[in-house]
Amino acid sequence: MARKKKKNTKINQKIKHYFDDDPFDVGIERVPSETLSELFATLGIYDVEHNKNLLLKTIRMIWSEADGGYREDILRFFEANGVIYHSQQAKEPTYDRETKIESLIEELDATKEESFLLLQAFEHVRSKKITIEKMESKLKHIRFEQKKERLEKALEGSFDIDDSFEFNASLKYELYDQHFHKILTLNTKPYSYEFIQEGDFEEIAQQISEDKLATVLKKQEQVDKFIASIKDPHAYLSKEQIVTALRASPPKTKLSYPLIGVKILKDIIKQKIDVEFIELHDEEVVLRVHEQIQLPHSERVFPYVLELHIELNGLLEEIWNSRRFNFDEVLNAAKKEHEEHFLAELHLLAEECGNYAELLHLSDEELYEKVYEFLLELVPSTLSITPKIVRKTKRIFIYNIHEQLIKKQRQELLKRTIRDFKNLFPMAREMRRKLTLHIGPTNSGKTYTAMQRLKNADTGYYLAPLRLLALEGYETLKEQGIDSSLITGEEQILDDEATHISSTIEMMNYDVDVDVCVIDEVQMIDDRDRGWAWANAIIGAPAKEIIMTGSPNAKEAIIALAEYLGEELEIIEFERKNPLTLLEHATDVKDVEAGTAIIAFSRKDVLRLKQNFAPLFSVSVVYGNLSPEVRREEARRFRSGETQILVATDAIAMGMNLPIKTILFSKAEKFDGVTQRNLLPSEIHQISGRAGRYGLNEEGFVGALQNDVLKILKKNFYKAAKVISIPFKVMANLEHIKLVGTILEENSIEEILKFFVENMEFNGPFYAANLDDMLEAAVIIDKYDLDIAMKYHLSCAPLTLKSPYIIASFEEYIVSLEKKEPVHYKPPKLAGTYAHTSEELLRAEDMVKEISLYLWLSYRFNEYFVDEQKARAYRGVLNKYIEETLQQSQLARSCKLCGAVLPHQSKYSICQKCFKKNYTRNSRRR
């Protein structure tokens, strides 16, 4: 580009030769029309009208287009033509700069000194720019400055920038019996340019002299007045400090008050405000104080240094006049302004970061906390957010959330993928299913009718809420000569010829299609922890007909579910087969009869009631912590008449057909895993329904051992159970978990389960099930290096999270799985043939649960859990041990300090030995 420009400059210089040193645009006017026409023909341009004005306009336009390539052709034309087109105007002679300046100076009436100054003034100005007018103006200015210099010399001073006259004067100071003179620099009023330029020198000098005298007198008066105004005693300064300040103040200053020594000034300031640093300038004092700001949307408090700019003159006025002052107003105003500016910048930064992180849906607290994480390391102590800090913070923020954004994008994709929950069960969706609902109270025959339909089907599936009921269903099918398999979490009895399967509901196999599937106790769909299993089964069971049995309060929920699935629903309602009567009065213990079941709601209460009734009756015991085998044996003993009464929890409420004539509630409240509350009508109905079973008793009776319990029963016994409402809980199966893990690129089972619970939204009437127990297990499992399928199965394991014994065993198993080593069952040692204390019984119950856990895991990881038969055999030993224990009339308590067995009649919770050791006088002396 520079080379091309240089070439065009050379062409411009050469073309001037043919135009008498005039530029092209001027010289071309002198070229005749015929020559212009020849030029256009040479350039190859023929479509231009031969009008001179038009020809000139066009050629000038072509010449101005320096990049067009025509300039060189035009130059060659005139070089070939060889004609010089002279100008008719007279040319001014060309001078060099110095000659022109000298010739112009000769026209002026300038002295030798003035001529020299003019020559100096224009020595670097281009010759063309130098004119007589400019020279005259400059000479006038030189003479003005020379006049001022003469006045300054005559009057012993100098003109200031505003043309006031500045001079030094000696002023007298008298105070505290001291007399001294001090030289101060004073200024008269400013003088106009015309006054100095045009006035007579002597008259100007006389006027300025008079003004100087007036200025001195006025200043002396001000000094005297100021000295007289100084208070005695002074609030801040001693007499010595006042005299020193007046003596030391500079001759020339913009301040209205005398400057005080820096050290003294700093001491005064420090009395008023806690400062880190003080810096004195010509017209202000800069203070730096420690402050702190409460950061928005956070509990963080950020310390910073605030700069206060205090006007020095105003501060000196306050000090010299002995006024009481502080910096509170200035400090508060500066703090407010500084923090408002910081917060505005912070808000803009957070807003920008929030735009980048929009997909993460961060709360204000989360967004600001993340911004603070990076910003506060960059912010200087002065609490300022510079553009550089903003850029750096945004860059770090974006880098930091990059992985989260990618993960969130995957989560959004995943939510869209499995939002329509019913489509996660493709086999069920491909079938034309019919739904049938058997509803009615207990003892109405609804389950019996469903089981009859199952027996008559070519293939079938029975889904039970409990392992005990799955076992009973299996045995019932086998008794009818039907080839069947049993599948529970910890046990499999598989028959290769089986046409029917009896299973616990959680063990449902969604890849086995059958003719009929019976889902028992369908009202459990509303259960806080297990309801998902019923929802999943109803939606996903691959059967031509799904028969659901349950209580009437499930009706509306099942109708809603059928509508969502778009499947046919038939509802069959059943009535109770024999009457159930609520007793009018509480039953005294001595009036309890054989064939009665006493209901309690904790293991502790069951064992206490057993001991209370043991002197009067032989007692069977059923509660949730017992293994299904023990519960079944205890029920058998009661059914066969070996025991006279049954003490049980609400574990008997589902499916246990027992010859109970009367149900007596010992309490009407229970702990539901969250709170202690009164029994719900549905719970009272379910438990009460076990009395007066059809075919065993003509009538059933329900009552209570205390009046207050009976009062609650009466209030709720005749109430309809609360209608189960949508939405339903659903839970991901292994395939769903794998899908989540793959899309999120996540191997933490805890994170995958959390995602399912917290993020999944479904198109149907569903929400993610409560997975608290699985999440607790997941925390343990994620510590180990296992694949996602293994982690999922382990998180589903039947853990008693409150039992340290079970958790310790569980962790031992996981360690072996991680190492890919065989997991052996280690039988615990038992002392005696039965437990002597409640604590020993509880430990035995935990041992059975450990075996259940081992067997459950052996079903899924049979290549590692190699002692299945050994564990089953020892479960029989433990169950016999527990059964023997329950047949004892009394269970002793153990000492809470040493664990020794206490005497049966002991009123205390510790043994005699521990009492003597810890609480007697001798023990205190020691």
By ring-ring contact (aromatic ring centres under 6.0 Å, His included) - contacts of Tyr825 (at least two apart): Tyr854
NZ/NE/NH1/NH2 to OD/OE distance under 4.0 Å, Glu633 and Lys880: no
Residue list, ring-ring contact (aromatic ring centres under 6.0 Å, His included) with His438, at least two apart or on another chain: Phe574
Electrostatic pair Lys849:Glu845 at N-O distance under 4.0 angstrom: no
Those residues that, when tested against His402, pass side-chain contact (heavy atoms from CB on, under 4.5 Å) (two or more places apart): Ile406
Pairwise salt bridge (Lys or Arg N to Asp or Glu O under 4.0 Å) hits with a residue in residues 808-826, at least two apart: none
side-chain contact (heavy atoms from CB on, under 4.5 Å) partners of Asn747, counting only residues at least two apart: Ile788, Lys791
What donor-acceptor contacts under 3.5 angstrom involve side-chain atoms of residues 553-561, with partners at least two apart or in another chain?
from, atom 1, to, atom 2, distance (Å)
Asn553, OD1, Ser551, OG, 2.5
Asn553, ND2, Lys722, O, 3.0
Lys555, NZ, Glu573, OE2, 3.1

Results of side-chain contact (heavy atoms from CB on, under 4.5 Å) for Ala428 - residues two or more places apart only: Phe425, Arg433
Results of side-chain hydrogen bond (donor to acceptor under 3.5 Å, both in side chains) for Arg639 - residues two or more places apart only: none
side-chain hydrogen bond (donor to acceptor under 3.5 Å, both in side chains) involving Arg432 - partner list, sequence neighbours excluded: none
Summary of ring pair (Phe, Tyr, Trp, His ring centres under 6.0 Å) pairs that have at least one residue in residues 536-559, sequence neighbours excluded: none
For Ala470, all residues meeting side-chain contact (heavy atoms from CB on, under 4.5 Å), sequence neighbours excluded: Ala464, Leu486, Thr488, Ser502, Thr504
Listed partners of Glu366 passing side-chain hydrogen bond (donor to acceptor under 3.5 Å, both in side chains), at least two apart: Ser363
Presence of salt bridge, Arg636 and Glu883, under 4.0 angstrom: no
Asn443 side chain reached by Leu580 side chain, heavy atoms, under 4.5 Å: no
